[in-house]
Amino acid sequence: MAEVYEYQPHGLLRKRVRDIASGVEGELMAVIAEGVTDIAYIRKSDGREFTTAAANIQAAGQ
């Protein structure tokens with residue numbers, strides 16, 4: 001069976017966010033449903049991207 005990935009709408013897309021687990025901040029580039037988990041793709045200021053569970057992000061500065 002093929003994996004199905006689907007972009008999810010999110011209120012913080014293209015905004016500065018913080019990964020609660022690591023404390024790292026960056027711009028939320030996409031949220032993609034991968035199976036039963038929504039994965040957030042975040043781009044740091046140095047241009048590198050990392051992923052975390054979408055449930056682990058919050059607006060930066062909170």
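What you see is a predicted model; the values in this text were computed from it and never measured.
Val31 places none of its side-chain heavy atoms less than 4.5 Å from the side chain of Tyr7. Side-chain contact check for Ile42 versus Val17: some heavy-atom pair is nearer than 4.5 Å. Side-chain contact between Ile32 and Tyr41: present, with at least one pair of heavy atoms (C-beta onward) separated by less than 4.5 Å. Ile57 is listed as a side-chain neighbour of His10, based on a closest heavy-atom distance under 4.5 Å.
Nearest heavy-atom pair, Asn56 versus Ala21, reported as atom, atom and distance to 0.1 Å: ND2-CB, 4.1 Å. Contact detail for Ala59 and Leu12: the closest heavy-atom pair is N-CD1, 3.8 Å. Across all non-hydrogen atoms, the minimal contact from Leu28 to Ala40 is CD1-CB, 3.8 Å. Nearest heavy atoms, Gln8 versus Asp38: CG-OD1, 4.0 Å.
Atom CZ of Arg43 sits about 13.0 Å away from atom CZ of Arg48, to the nearest 0.5 Å. Taking OG1 of Thr51 as the start and CD1 of Ile39 as the end, the distance is 6.0 Å to the nearest 0.5 Å.
The hydrophobic cluster containing Met29 does not contain Ile20, counting ILVMFWY residues as joined when their side-chain heavy atoms lie under 4.5 angstrom apart, directly or transitively.
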Candidate pair Glu27 and Arg14, rule salt bridge (Lys or Arg N to Asp or Glu O under 4.0 Å), full reasoning
CA-CA 6 Å; Glu27 182 180 349; Arg14 297 293 184 181; 3.5 Å; yes
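Under the side chain to side chain contact (heavy atoms under 4.5 Å, CB included) criterion, Ala60 pairs with Arg16, Glu25, sequence neighbours left out.
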